[in-house]
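What follows is a short report on a single structure.
To find a chain, count down the sequence lines: A is the first, B the second, and so on, and within it residues start at 1.
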Amino acid sequence: MTEKLSENELIQQRRLKLEEIRKKGIAYPNSFRRDSLSADLQQECKGLSKEELEEKSIEVSIAGRIMLQRIMGKASFMTIQDMKGQIQAYIRSNDLPEGQYADFKTWDLGDIVGIRGKLFLTKTGELTVHADSIEMLTKSLRPLPEKHLGLVDTEQRYRKRYLDLITNPESLEVFKKRSQIISSIRDFFTKHEYLEVETPMMHSVLGGAAAKPFTTHHNALDMDLYLRIAPELYLKRLVVGGLERVFEINRNFRNEGLSTKHNPEFTMLEYYSAYADFNDQMNFIEKLFNDLTTEVFETSVIEHNGQSLDFSKPFTRVTLKEAVSQKLSVDPSSLEDRSFLLETAKKLNIDNVDNLSDGKLLFELFEELVEGNLIEPTFITGYPKDVSPLSRSSDNNPLEVDRFELFIGGKEIANGFSELNDPEDQAERFHEQVNQKSAGDEEAMEFDADYIEALEYGLPPCAGVGIGVDRLVMLLTGAQSIRDVLLFPQMKSKG
RNA sequence: GGGCCGUUAGCUCAGUCGGUAGAGCAGUUCGCUUUUAACGAAUUGGUCCUGCGUUCGAGUCGCAGACGGCCCA
């Protein structure tokens, strides 16, 4: 790795320049203070004429990375990029102390510099800082990607995200939006009197979702632990504890393959409210999405893959059976017939159909036939009990649970249900999970006796929801891959 | 796990039929005091992803592998 540094001529040239800077004094000073940011100045000076601006005689200090240079004999322009955008600086030999213009001419694209000077408008009306003092703050030793095209190579964009962020404004914009989305979500929940909490990332019992875990080991306790696949069972313990409305935005870890929709660590929003059921939560999600889009995008209408999604309207609500039967053009009652389910599943080449329960078969058919076509926001309800081990049984149908999933743009965005707060029912469901695990289902949950004990103290009637934050950000920013909304997506190590 | 595509200068990309490896940007040198993809002139820079093979000769053809992308499971 280090030998490559000396090989490259461009880096060598920059190192020589750094040596010269070191000889003259402090090479990496931290005494320059800026007082202005590019976009703020442009905002403040908007509409001012050349003369008005001159009269105001505004002296500013700006700092940032040199992105473009236009060097002439005794005067030059350069474009400086800071956290809010770019601004032009005008450097004139006459206005600087002896020798400084010559130093300036050795500066490279990518160097980080500080400029003090008066604002003015150029002939073409561009707001520019007329430098009366310039300073090298951080010499950059490596050349930036191509100045107009930016970093294009996908692999490098993910592995060296900093270069992507420096050179691709649209990439930076996605991560700014991600931050605003999460911040807006926090505000929403705080406003509705939810308490933000952090629950363990390392679990000794696997539960809360159907997924394969990462395992690790605590040396001092000599104890194997799982990285959590979901925070659910801890959040519900908190509801037992009287935190009647809680939410957590944090990472989950699932030991599965990578795709445009999957990263082994991903961000999940989970929240629980006592004295609410799954219907209340569907209404609450509609409000969340409407508020979120309006706050972050200043409109409730989001363009997604050429289609307009309006989050101010109530979302469609259909049952799983309705959705599947419509797709198959059959009567919903035929989905209660196991032989029909089996036959249909086999036609779709679903694996191991004979070992699946009726509920799982129906669920598989839904995933295969319907899920990808749910573009408009749609709540699916009527989930089979055996794919929902933590959900409250439906009062009307003992085979179903009070659960919904929200699909938008063909992707699962949220999953919520009335919580199962009957400790005896929950214990039975755990037993079923354990049986499935011994039958070879690697994604089944373990029996969580401590959680059952908590339920025995009394979990108030409540309902909770999980929302995949990365997929939500994808949806709202139009990103086609989860890697485009994760700053550092998981990559194979190289070399 | 399977299929398809990609990997060439720091970056973005060409590279014909297998015959001395190219451009633009960046860099270097010179000129230029309101430029803005600044401009004009000259110029440096290569593990053609890796290995093996075919061949008089491989960036190019074959095989194996690495990494990445997309699709499928």
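Across all strands, A:Leu149 comes closer than 4.0 Å only to sugar-phosphate atoms, never to a base (heavy-atom distances). Within 4.0 Å of A:Thr260, counting heavy atoms only, lie sugar-phosphate atoms of the nucleic acid but no base atom. Within the nucleic acid shown, A:Thr79 has no heavy atom closer than 4.0 Å to any nucleic acid atom. Among the heavy atoms of the strands, none lies under 4.0 Å from A:Leu163. Looking at heavy-atom distances under 4.0 Å, A:Glu126 makes contact with a base. No contact: A:Lys160 has no heavy atom under 4.0 Å from any strand. Residue-level contact check: A:Tyr158 touches the backbone only, with heavy atoms under 4.0 Å from sugar-phosphate atoms and none from bases. The residue A:Arg159 sits close only to the backbone: its heavy atoms come under 4.0 Å of sugar-phosphate atoms, none of a base. Counting any heavy atom pair closer than 4.0 Å across all strands shown, A:Arg157 reaches no nucleic acid atom. Among the atoms of the strands shown, none is found under 4.0 Å from any heavy atom of A:Gly257.
Between A:Ser38 and A:Gln86, the side chains place no donor N or O within less than 3.5 Å of an acceptor N or O (distance only, hydrogens not considered). Between the side chains of A:Asp224 and A:Thr215, no donor N or O sits under 3.5 Å from an acceptor N or O.
A search for side-chain hydrogen bond (donor to acceptor under 3.5 Å, both in side chains) contacts involving A:Lys17 returns A:Asp108, not counting sequence neighbours. Listed by chain and number, the residues in a ring-ring contact (aromatic ring centres under 6.0 Å, His included) with A:Phe379 are A:Phe315, A:Phe404 (sequence neighbours excluded).
Among the nucleotides B:C32, B:G10, B:C11, the one closest to the side chain of A:Leu10 is B:G10.
Considering only side-chain N and O atoms, A:Arg142 lies nowhere under 4.0 angstrom from the phosphate OP1 or OP2 of B:A26. Between A:Arg70 and B:C39 there is no side-chain polar atom (N or O) within less than 4.0 angstrom of OP1 or OP2. Of the side-chain N and O atoms in A:Lys147, one or more sit less than 4.0 angstrom from OP1 or OP2 of B:A26.
Comparing the P positions of B:U47 and B:G31 gives an interatomic distance of 33 Å, to the nearest angstrom. Rounded to whole Å, the separation between the P atoms of B:G45 and B:U28 comes to 15 Å. If you take atom C1' in B:G10 and the same atom in B:A64, they sit 31 Å apart, rounded to whole Å. Only the C1' atoms considered, B:U50 is 11 Å distant from B:C67, to the nearest whole Å. For the C1' atom pair drawn from B:A26 and B:U44, the interatomic distance equals 12 Å after rounding to whole Å. A gap of 28 Å separates the C1' atoms of B:G24 and B:C17, to the nearest Å. Taking atom P in both B:A41 and B:G46, the straight-line distance is 25 Å, to the nearest Å. One C1' atom belongs to B:G57, the other to B:C5, and the distance between them is 29 Å to the nearest Å.
Aromatic ring orientation, A:Tyr90 versus A:His130: perpendicular (interplanar angle above 60°, classes split at 30° and 60°).
Tested against A:Val60 for a side-chain contact (heavy atoms from CB on, under 4.5 Å), the candidates A:Ile87, A:Val129, A:Leu37, A:Ile115 yield a single pass: A:Val129. Each of A:Leu48, A:Thr122, A:Leu41 was compared with A:Leu127 under the side-chain contact (heavy atoms from CB on, under 4.5 Å) criterion, and only A:Leu41 meets it.
At a cut-off of 3.5 angstrom, the base of B:U12 holds no donor-acceptor pair with the side chain of A:Asp153.
Helical stems in RNA chain B, defined as runs of 3 or more consecutive Watson-Crick or G-U wobble pairs with both donor-acceptor distances under 3.5 Å, are listed by first residue as B:1-7 with B:66-72, B:10-13 with B:22-25, B:27-31 with B:39-43, B:49-53 with B:61-65.
Checked against the 6.0 Å centroid criterion, the rings of A:Tyr226 and A:Phe253 do not qualify as a close aromatic pair.
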